[in-house]
Amino acid sequence: MAGLALGVRRSILFAGLSLALVVVAVISAASGQLAVPPAEVLGSILHAMGLDIGPAPSDANAEAALWLIRFPRIALAVLVGAALAAAGMLMQAIFGNPLAEPGVVGVSSGAALGGAATIVFGWTFFGSWTIAVAAFVTGLAATALVYAMSRANGKTEVVTLVLTGIAVNAVTSAGLALLMFIGDTQAREEIVFWQLGSLNGAMWADVAVVLPVVIVGVLVSILLARRLDLLSLGERSARHLGLNVEALRIGTIVLVALLVGAAVAFTGIIAFVGLVIPHLMRMIIGPAHLPLLIASTLGGALLLLTADLVARTAVPFADLPIGMLTSLVGGPFFFWLLRRTRARSGGWA
Amino acid sequence: MRRAGLFGRRGAGAPDAGTPRRASGAAAGDLAGDAHGAPSRAAHGPRFGGTADITSGKGPRGGPGSQGAGSIDVDGVSVTIDGTGILHDVSLQAHPGMLLALVGPNGAGKSTLLTVIAGDQAVDSGTVRVAGHPLASWSIKQLARERSVLLQQTSVAFPFTVTQVVEMGRAPWIGTPFEADDEAAVAEALDLTDLHSLTERHVPSLSGGERARAALARVLAQRTRILLLDEPTAALDIGHQEDVLRIARAQADLGDTVVVVLHDLGLAAAFADRVCLLENGRVVADGTPTEVFDAELLSAVYRHPLEVLTHPVNGTLLILPVRSARGPSSEENP
């Protein structure tokens, strides 16, 4: 515990993440096939806010590129990253296990199943919210299923959790395969891209759906944070301290499904954000859930925004699937974490 | 001054040396006063007098703050788990100021009985009353302000520090006037359990004994009238075993009700006011250590010849297995 006091470390981390988020957002808006100088990006935002400060974009198409394509994409990346990281942290808290993550245990693919079904069958019960609602419903079912199947005697052992994830992922993959088989060519193409995960084609309408869900989800999580701390003592001890464990568990599962459903509905499966970010943040500021939630939300937003910048600009004229990028980094990280957890607990417990 | 004796294992100045990280100057001063001088009962808020103010409003019928506070009344309780009868018609009472030891062989139902009193295990028949009110009438939160529980196995899922874990013991008091006691309660609990040098260590990285003490500190920080301890000495060396039982004894002397599951009959004899001996889910003896610890009865219950001796100096009972192979047999001893 050498170095700075915890409170100072937290403050530095929050400030650093927030600053980095703003900087990367501006860089991301400035980058692309049509380069817009960062000063003009800021100018454009300030002008839109009614402040006549800074240079307006000089290129005729820049204004449209920023407001119709890049800004909604950036907004969606920030929201989805925040949602996934927060969902990962919530899952780890109720499972009492740092390896629980929406992508790993099959919650994301469960949500994807509902979204894909919406595409194939052309459902429109809830207008622009249909896909998100469907993703939430199947995501909720998947979360509840994983939770019910991987708990034994009030604990979730790593091996049970991972194997449950394999089983759930197998079933949802079968469901997605069936939907691709049923669907027409266009639906198939959409599902494939969506399985890879991408922020390509993000629209303000998507942001309008995701934004309220993420705000509500994160705010409720903040209210639950201190109770999640107690859960780390185990269910019985938490109850002895006056915690209604059942209610917290159900509430948290719904929250996870809500956040993952909203994220998956518009970007597809982006795995490992919920694993890597809370873990890194826990290493820096410790496991207390309130600061961890704030740090994870900021960190997840930063990670996904950065990953999307790379996905868009790494290869000229190509938009790499972002889910591929996060899995490329997250897969080995997961493996390292698994080995470390195993070494620490002296087995697969 | 009784509690000052608890610090025997540390230097006399220990409570001051390990200044609590979070305590303000005033709180640290209170603590030191509490530790060195006569314990100030008023400082224990939740247990005494003032408690009724907050709990009676919310408590079941008249509130746990009323008469009967701190009492435990188990009446004719039977429990069956997965078709196996674990407890049969068990009755026992405990009241403030008492340290009740539950003893008996493995599988006798001691831990299950404690689980029943804690409100975690439903009973098939019989009633359990805490502070005069049936368990069913307590809300989870109210119960957490009346009794604390130390489980046999405690683990912490994430690398929380010792201080953070002990602070969790204050959770039931969030939003009550007793929230103001948080710092003092945490510092006192760390003090009693000799944990001041480990406050910033991560609990999962501690040794088994240190973890057990951290869990005990969390329970003490909860500051409830009733303490339920399930084998609190299991992972501890003999010195810390003594410390834990002395802490439990001191809490009882301060007016708490302490129920502790023990395997070590010598510890039970030395520290308990009352001993309840269980065998196969039934109470076979219930009384003072002198009444219960009868060599013939214990030998029958433990299915092993045991002898009960009286310590030549202080008069406490020593319960030992009869060993013939290497030492002299009991007949040869006067």
Side-chain angles (χ1 to χ4, degrees), chain A residues 1-7 89 91-100 153-158 161 223 225-248 278-279 281-292 340-341 344-346 349, chain B residues 21-22 111 114-115 117-121 138-176 198-205 211 214-215 218-219 221-222 224 226-230:
Chain A
M1 296 309 292
L4 299 163
L6 193 57
M89 192 216 75
M91 287 194 76
Q92 287 147 27
I94 57 164
F95 281 90
N97 190 319
L99 290 167
N153 301 325
K155 286 198 301 194
T156 304
E157 294 185 339
V158 170
L161 180 70
L223 294 177
R226 196 158 174 184
R227 286 169 217 181
L228 294 174
D229 285 348
L230 297 185
L231 219 46
S232 312
L233 299 173
E235 289 181 17
R236 284 182 64 197
S237 291
R239 199 175 290 117
H240 295 152
L241 285 165
L243 185 70
N244 188 337
V245 176
E246 287 301 311
L248 179 64
H279 192 81
M281 299 304 149
R282 212 178 274 123
M283 283 166 73
I284 301 170
I285 57 167
H289 284 95
L290 182 57
L292 184 62
R340 210 180 65 137
T341 310
R344 280 210 179 156
S345 58
Chain B
R21 184 175 61 92
R22 298 201 164 204
S111 289
L114 202 76
T115 309
I117 299 170
D120 294 348
Q121 172 68 51
W138 290 84
S139 75
I140 296 173
K141 185 134 261 171
Q142 287 163 352
L143 208 50
R145 292 173 185 162
E146 185 69 16
R147 63 95 182 91
S148 50
V149 186
L150 178 63
L151 295 175
Q152 219 176 100
Q153 290 189 331
T154 58
S155 61
V156 178
F158 295 103
F160 283 95
T161 63
V162 170
T163 308
Q164 284 174 322
V165 166
V166 177
E167 280 167 351
M168 290 181 199
R170 298 302 299 165
W173 303 103
I174 293 172
T176 73
L198 300 174
T199 51
E200 292 308 305
R201 288 277 301 278
H202 295 155
V203 173
S205 73
R211 266 207 299 276
R218 191 199 79 223
V219 167
Q222 204 172 334
T224 54
I226 298 175
L227 280 94
L228 307 176
L229 314 174
D230 194 353

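In what follows, chains carry the letters A, B, and so on, assigned in the order in which the sequence lines appear, proteins first and then strands, with residues in each chain numbered from 1.
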- Does the side chain to side chain contact (heavy atoms under 4.5 Å, CB included) test come out yes or no for A/D229 and B/E167, once each step is laid out? CA-CA 10 Å; A/D229 285 348; B/E167 280 167 351; over 6 Å; no
With the side chain counted from C-beta on, respond yes when [X] and [Y] share a heavy-atom pair under 4.5 Å apart, and no when they do not.
| X | Y | answer |
| --- | --- | --- |
| A/S237 | B/L151 | yes |
| A/R226 | B/I174 | yes |
| B/Q164 | A/L6 | yes |

- Query: Between B/G169, B/P204, B/P172, which has the largest tally of heavy atom pairs under 4.5 Å with chain A?
  - Reply: B/P172
From [X] atom [atom1] to [Y] atom [atom2], the distance as rounded to the nearest 0.5 Å:
| X | Y | atom1 | atom2 | value |
| --- | --- | --- | --- | --- |
| B/F158 | A/H279 | CZ | NE2 | 10.0 Å |
| B/I140 | A/L241 | CD1 | CG | 11.5 Å |
| B/T224 | A/H240 | OG1 | NE2 | 11.5 Å |

- Query: Crowded around B/Q152 CD? As in, over 12 foreign heavy atoms under 6.0 Å?
  - Reply: yes
- Query: Counting only heavy atoms not in A/R239, do more than 12 sit closer than 6.0 Å to its CZ atom?
  - Reply: yes
- Query: Where on B/S155 is there a heavy atom nearer than 4.5 Å to chain A: the side chain, the backbone, both, or neither?
  - Reply: backbone
- Per-residue contact mode, B/R218 against chain A (heavy atom under 4.5 angstrom): side chain
- Heavy atoms only: give me the nearest B/A157-A/G96 pair and the separation to one decimal. CB-O, 3.7 Å
- Stepwise side chain to side chain contact (heavy atoms under 4.5 Å, CB included) check, A/L233 with B/V165: CA-CA 8 Å; A/L233 299 173; B/V165 166; 4.1 Å; yes
- All side chain to side chain contact (heavy atoms under 4.5 Å, CB included) counterparts of A/A100, not counting sequence neighbours: A/M91, A/Q92, A/F95, A/L161
- Pairing residues for A/A238 by the side chain to side chain contact (heavy atoms under 4.5 Å, CB included) criterion, not counting sequence neighbours: A/L230, A/L231, A/L243, A/V245
- Message: So which residue, A/G286, A/P287, A/G242, A/P98, ends up with the most heavy-atom pairs under 4.5 Å with chain B?
- Response: A/P287
